[in-house]
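So the structure is just underneath, and the comments pick up after that.
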There are 2 protein chains.
Amino acid sequence: MSARTPESARDIPEATVARLPVYLRALITLADEGTATCSSEELATAAGVNSAKLRKDLSYLGSYGTRGVGYDVEYLRYQIAREIGVTQDWPVVIVGIGNLGHALANYSGFRSRGFRVVALLDADPVRQAEVVAGIDVRSFDDLDRIVVEHGVSIGVIATPAVAAQDVADRMVAAGITSILNFAPGVLTVPEGVDVRKVDLSIELQILAYHEQRKATAGTEDAS
Amino acid sequence: MSARTPESARDIPEATVARLPVYLRALITLADEGTATCSSEELATAAGVNSAKLRKDLSYLGSYGTRGVGYDVEYLRYQIAREIGVTQDWPVVIVGIGNLGHALANYSGFRSRGFRVVALLDADPVRQAEVVAGIDVRSFDDLDRIVVEHGVSIGVIATPAVAAQDVADRMVAAGITSILNFAPGVLTVPEGVDVRKVDLSIELQILAYHEQRKATAGTEDAS
DNA sequence: CTCGTTTTGTTCTCCTGTTCACAAACTCCT
DNA sequence: AGGAGTTTGTGAACAGGAGAACAAAACGAG
C-alpha cells in the first residue's frame, strides 16, 4: 500500500495549486524555527489565508493531518513538495540577459527551491562575452543543444517584448513545454505548452486603479 | 451631460480591473500599427481573451463602442487609461537596490506607462554611493521626507525577505497606501493599504506542478 | 474504559466570474 | 427609404472558488 499511491490526487483546482507553494514556504519557515507540529490555524496565519481554505486545499492532496493534533511540519512539507514536484531538480534556461535577466540569474530563491539555471542565452554577441552568476552567457543558437543535453522543460523569457514571440517559438521547437514570460504582450503557443506571465507594469497599474479610487472616494462623499 | 459623468462605473470587478491594463497595451499596439477602429473580436485576439469577456469587461466602464462598427482605438485607449488612472503620472519609490532593484529602476515600462521613479532607497551605505538609472541611491531614512515631498503613494519592495515587513511598516507609516512586493513571504499591513505580491519562485513552482503532471500522465495511461 | 476536548476533513451555501445567446443599434447597399 | 448584414451591450445560465458550520477522529484525564 505504498508504491504509486493510487489516491495521489487527480485534479487539484488551479487556485489551490497556486497556493501550495505559499504553504510550502510557510512550512519551511516553521521548520527553521524548530516547530515540529502545527494546527491548520497556525499554518494558515503563517501563509496569510484563512484556516478553512487551507484545510480544504490540503484535503485535495490527501489526509496528512491528525485530528485533535494538527500537521507534522516535516511530513507535510515533504508531501507538498512532492505534489508540486520540487523534490527533484528542474533545469531551467533563461533567455535575455539584460537587467532583468541578470537579476533572475542571481536570484537565490530559484536554486533553493529546486530550480537549477543550466544556461543563460542572449542573441547579442556582446553579452555572450559576459559571465553572470558564475555561468557564461551563450548564444541563443545553442538553445536546442542545451535543452537536449540537460533535459530542460522550463524556459524563462526576459527579453524585450519584440523578441518574445520568436524566443517562445524556438523554445517550443526545442522541446520546452513550460514558459515563464516577463516580456509584456501576448504569447501564442501550441496546445500542451504552459505559459505564465509576469508583467511588472500591469501590477502597478492595478495598484494605481485602486489608489485612484481611494482618492476620489474622499472627494465624492461630500454629496 | 459631460462634467463629472455620474455613470462613471461604481464597482468594477477585480478580475476585470486586472485585465484592463492588458486591453490598454493591446490598444496601444493597435494604435501604433495605425489601426483606427477595431471590433471586439480583433481586440480580444490581440489581448489574448475571448470576445464575450472583453465586451462584458468594457461594459463596466460604459458604452464606448458603436454597434455594427466596433471601437475607436484612440478613444477607447483614452477611456481605459483614465479609468485605470494612468493619464496622470504616479510617483514611485523603490526600496532595496540589489539585483532586482537595479532591474526595476532601469525598466522602461514603468516610465512609459505613467509611473515615475522618484527615489531609490537602500539601507546599505555602500549602495548609497551608487547612481542607478540616473538616480542616486539614498538612505532608507529619507523615506518620510521623499514621500511627503513628491506625494508618493506607491512603493516597491525589492529587499531580501527578512527586511520586507519592516520596510512595509515604515512605508505605511510614511503615508504610502499601495505596495508592490517582490520579497517572498507574507506582508501584514493595516486596513486600507493594498499589497500586490510578485513571487518569482512561486510562478516556477506552479509551472513545475503542471510539468510533472504532463510527465506522469504519459506514464499512467498504460493501465 | 469512558468522557470531554481539540482539530481535522467535508458538506452545504453563497458569491464571484465566465460563457452563451440574443435583442438593440448602427452602416451600407439597393 | 427600406432591408440585409454587422457588431455591441446585456440578461441569464453555468462553473468554480470561498467561507461557515459540523460530524468524525484522535488524544488525554480520571
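Numbered from 1 within each chain, the chains take letters A, B, ... in sequence-line order. Nothing here was measured: the structure is a model prediction, and the numbers come from that model.
- Taking every side-chain heavy atom of A:Tyr71 into account, C:dT8 is the closest of C:dT18, D:dG17, C:dT8.
- Only A:Ser39, A:Ser40, A:Arg55, A:Lys56, listed by number, bring a heavy atom of residues 27-58 of chain A to less than 4.0 angstrom from any atom of DNA chain C.
- At a cut-off of 3.5 Å, with distance as the only test, a side-chain donor of B:Asp57 or B:Thr16 sits close to an acceptor on the other residue.
- Distance, A:Leu76 CG to C:dT8 P: 11 Å, rounded to whole Å.
- Distances from the side chain of B:Arg19 to the nucleotides D:dG17, C:dT18, C:dG17 place C:dT18 closest.
- Among the candidates A:Tyr71, A:Tyr23, A:Tyr75, the single residue satisfying the ring-ring contact (aromatic ring centres under 6.0 Å, His included) test with A:Tyr64 is A:Tyr75.
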Expected output check: what is the dot-bracket annotation of DNA chain D, where ( ) and [ ] are pairs inside the strand (brackets for crossing ones), | is paired with another strand, and pairs are Watson-Crick or G-U under 3.5 Å? ||||||||||||||||||||||||||||||
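- Atoms CD1 and OH, from B:Ile80 and A:Tyr209 in turn, are 12.5 Å apart once rounded to the nearest 0.5 Å.
- Judged by distance alone, the side chains of B:Arg196 and B:Ser178 never bring a donor and an acceptor atom under 3.5 Å apart.
- The existence of a salt bridge linking B:Lys214 and A:Asp194 is confirmed by a sub-4.0 Å separation between a basic side-chain nitrogen and an acidic carboxylate oxygen.
- The distance from the CZ atom of A:Phe110 to the OG atom of B:Ser201 is 7.0 Å, given to the nearest 0.5 Å.
- Residues B:Ala44 and B:Leu54 approach most closely at N-CD2, 3.7 Å, considering heavy atoms.
- Whole-Å rounding puts the B:Asp11 CG to C:dG17 C1' distance at 14 Å.
- Taking atom OH of residue A:Tyr60 and atom P of nucleotide C:dT8, one finds them 17 Å apart after rounding to whole Å.
- Distance check, rounded to the nearest 0.5 Å: CD of A:Gln88 to CD of B:Gln212 gives 6.0 Å.
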Derivation of the side-chain hydrogen bond (donor to acceptor under 3.5 Å, both in side chains) call for A:Arg55 and A:Ser40: CA-CA 7 Å; A:Arg55 288 199 300 277; A:Ser40 63; 3.0 Å; yes
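- The CD atom of B:Gln165 lies 8.0 Å from the CD1 atom of B:Ile157; values are rounded to the nearest 0.5 Å.
- In this model, no donor atom of one side chain and acceptor atom of the other lie less than 3.5 Å apart for A:Ser108 and A:Asn106.
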Nucleotide N/O to protein N/O under 3.5 Å, stretch nucleotides 23-27 of chain C:
from, atom 1, to, atom 2, distance (Å)
C:dA24, N3, B:Arg67, NH1, 2.8
C:dC26, O4', B:Arg67, O, 3.4

